[in-house]
Visitor: 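First the structure, then my questions, so here it is.
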Amino acid sequence: MFTGRIAEIGAVESFDEEVVRIYAAKVAAVVGDGGAVGVNGVRLTARPVGDGLLEATVTAETRRRSTFDALAVGDRVNVEAPLVVGEPLDGHLVQGYVDAVGKVARVDEEPGGCRRVWIRPPARVLDGLVAKGPVALDGVSVTVAEVLRDRFSVVLLPITLSSSTLDRLRPGTRVNLELDLVARLVARHPDGAADGLDRVVAGLPWAGALSGSAGVQKVVRTLAAGGGVLVWDPETEGEGDVIFAGARIRPEAFTFLLTRVYGHPAVPCSAEVLRRLEIPPAPGQGDRQGTAFHAPVDLAAATGTGVSSAERAATVRKLADPSARPSDFIGPGHVSPISARPGLLAERMGHTEATVALCEAAGLPPVGVCSEVMNADGTMAGAADLEIAALRWGMPLVDIADLRSWL
């Protein structure tokens with residue numbers, strides 16, 4: 001079992017179609033004879049042979065079912081040692097059994113050094129992919145951003161590009177694909193998986209409470225892919241908020257905030273964005289936490305009242321558009337911008353600043369959406385309520401203090 005978090009980038013020293021030798025000094029130092037090693041998402045039984053080399057037999061079946069049919073001397077490869085009992089699960093559960101080989105259809109450069117990669121997989125694999133869920137590409141745990149009729153996309157952060165071979169992906173490149181273990185369980189046991197599914201999900205790092213630098217990175221990756229995240233603020237507001245990136249917000253996200261989260265969706269923006277769009281501060285002194293509310297707006301081009309999830313999402317995406325102009329908005333409207341402090345979390349530990357800081361860390365425009373989590377009985381969700389909600393909604397949960405420490 002592996003986690004999809006690559007230990008090192010190795011290199012193929014020799015490959016005679018039956019035996020491959022890979023230079024991977026870090027992994028070779030911890031793997032014994034007959035130990036499992038993940039190489040580009042393929043589980044191999046290997047042995048160290050000295051000088052940082054690992055040797056493994058590659059069967060005809062492995063070559064046929066993976067990109068090993070084109071592996072050549074000098075190729076860079078993702079190498080991971082197996083998960084050891086007691087170690088933290090820092091990625092998602094990866095078995096090293098390739099489900100299919102996909103082909104890169106398109107690569108788009110995105111702000112902040114990110115890349116959006118579109119991949120065409122076989123139909124049987126596409127049916128098992130879920131937006132905002134994990135998938136392994138050449139053994140690397142990443143988050144599915146979108147699933148369309150014949151392809152899916154992932155957003156690769158700079159840290160992923162620099163620590164794996166995914167920086168090589170270009171149109172036409174073939175990649176090994178492995179589905180999430182939870183999706184596999186549901187597919188194999190559609191009637192009986194539900195009883196144990198909560199336990200499996202609770203063990204995955206993408207849902208529930210996370211901490212430290214690795215936890216913050218997972219939160220950033222989820223946000224970059226268009227997913228929602230939960231941030232707990234025990235000090236300034238004593239509440240937890242669900243946060244989405246403004247540039248990625250879809251109507252479904254607004255519907256979720258209004259019908260499941262129950263709070264008041266607001267739109268944190270950097271002060272520069274609000275100045276450029278000439279959206280003035282709202283009258284008054286603000287709330288007890290010093291939230292800097294601005295005049296509510298709607299998208300001028302909209303044809304409805306501005307209340308629907310689709311129109312609210314469109315208004316937010318336009319606020320996040322670097323080419324937006326003041327004339328793109330009318331007011332008063334139904335989307336409530338709030339201004340983040342210039343120093344973000346270093347200046348104020350609030351959800352407004354956390355939202356903008358997360359968007360910037362994800363390489364996206366400094367505009368997001370946040371909404372307080374309220375229980376069905378009208379009380380505000382506490383720490384225990386938020387942990388339950390995170391597991392139920394499949395969202396990562398992080399403390400705002402960790403964001404301040406690691407962003």
Side-chain angles (χ1 to χ4, degrees), residues 4-6 90-92 104 106-119 129-137 140-148 151-164 166-167 169 180 204-207 210 212-231 241-250 252-253 256 267-270 273 313 316-317 319-322 340 344-345 351 353-370 390 393-398 402-403 406-407:
R5 189 167 175 83
I6 303 306
D90 194 11
H92 81 271
V104 176
R106 178 175 171 176
V107 178
D108 296 323
E109 298 293 334
E110 298 209 345
C114 300
R115 290 181 193 168
R116 180 177 289 264
V117 180
W118 290 92
I119 298 170
L129 292 172
V130 179
K132 315 308 178 282
V135 67
L137 302 185
V140 183
S141 174
V142 295
T143 303
V144 176
E146 296 179 75
V147 180
L148 301 183
R151 67 192 67 188
F152 71 96
S153 72
V154 298
V155 176
L156 303 179
L157 298 180
I159 189 171
T160 305
L161 294 169
S162 64
S163 60
S164 72
L166 298 187
D167 63 337
L169 297 184
D180 174 36
L204 294 175
W206 301 103
L210 305 176
S213 176
V216 171
Q217 285 299 323
K218 294 187 187 81
V219 167
V220 171
R221 288 159 69 182
T222 299
L223 199 80
V229 303
L230 272 160
V231 175
D241 279 33
V242 172
I243 294 173
F244 288 92
R248 299 269 192 260
I249 194 79
R250 315 310 293 180
E252 296 79 8
F256 171 78
V267 183
C269 306
S270 71
V273 167
V316 173
R317 289 197 302 274
L319 286 169
D321 185 348
L344 297 181
L345 290 169
H351 285 113
E353 288 69 29
T355 301
V356 173
L358 280 169
C359 290
E360 291 185 345
L364 298 171
V367 175
V369 179
C370 68
W393 298 336
M395 289 184 180
L397 165 66
V398 69
D402 277 355
L403 296 182
W406 298 106
L407 286 184

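For reference, positions follow the sequence shown, starting with 1.
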Visitor: Identify the two heavy atoms, one from S213 and one from W406, that lie closest to each other, and give their separation to 0.1 Å.
Guide: CB-CE3, 3.4 Å
Visitor: With a 4.5 Å heavy-atom cut-off, do V142 and V117 have their side chains touching?
Guide: no
Visitor: Is there a donor-acceptor pair closer than 3.5 Å between any side-chain N or O of R317 and the backbone N or O of I249?
Guide: yes
Visitor: Under 3.5 Å, side-chain donor or acceptor atoms of residues 153-160 against the rest of the protein: list the pairs with distances, not counting sequence neighbours.
Guide:
unit_1	atom_1	unit_2	atom_2	d
S153	OG	R116	NH1	2.9
S153	OG	E146	N	3.4

Visitor: E110 vs R115, test: salt bridge (charged side-chain N to carboxylate O under 4.0 Å, His left out). Steps then yes/no.
Guide: CA-CA 5 Å; E110 298 209 345; R115 290 181 193 168; over 6 Å; no
Visitor: At their closest point, which heavy atom of L210 faces which heavy atom of P396, and how far apart are they?
Guide: CD1-CB, 3.6 Å
Visitor: Output side-chain donor-acceptor pairs under 3.5 Å for residues 353-363, partner residues at least two apart or in another chain, one line each.
Guide:
unit_1	atom_1	unit_2	atom_2	d
E353	OE1	R348	NH1	2.6
E353	OE2	R341	N	3.0
T355	OG1	H351	O	2.7

Visitor: Locate the shortest heavy-atom distance separating A320 from A247; write the atom from each residue and the value.
Guide: CB-N, 3.8 Å
Visitor: Please examine the side chains of L223 and I243, heavy atoms only from C-beta on, and report whether any two atoms are closer than 4.5 Å.
Guide: yes
Visitor: Would you check if the side chain of D402 reaches a backbone N or O of G212 as a donor-acceptor pair within less than 3.5 Å?
Guide: yes
Visitor: Is there a side-chain contact between V273 and P366 in this structure, where contact means two heavy atoms from C-beta onward sitting under 4.5 Å apart?
Guide: yes
Visitor: If you take all heavy atoms of V135 and V144, which pair is closest and at what distance?
Guide: CG1-CG2, 3.7 Å
Visitor: Is a side-chain donor or acceptor of R248 paired with a backbone partner of A224 at a separation under 3.5 angstrom?
Guide: yes
Visitor: Using every non-hydrogen atom in the two residues, find where A225 and T143 come nearest and quote the distance to one decimal.
Guide: CB-CG2, 3.8 Å
Visitor: Can you name the closest pair of heavy atoms from L166 and L137 and give their distance?
Guide: CD2-O, 3.8 Å
Visitor: Take L407 and L344 through the test side chain to side chain contact (heavy atoms under 4.5 Å, CB included) and record every step on the way to the result.
Guide: CA-CA 10 Å; L407 286 184; L344 297 181; over 6 Å; no
Visitor: For W393, which residues count as a ring-ring contact (aromatic ring centres under 6.0 Å, His included) partner, sequence neighbours excluded?
Guide: F256
Visitor: Could you tell me the separation between the OG atom of S141 and the CZ atom of R221, rounded to the nearest 0.5 Å?
Guide: 5.5 Å
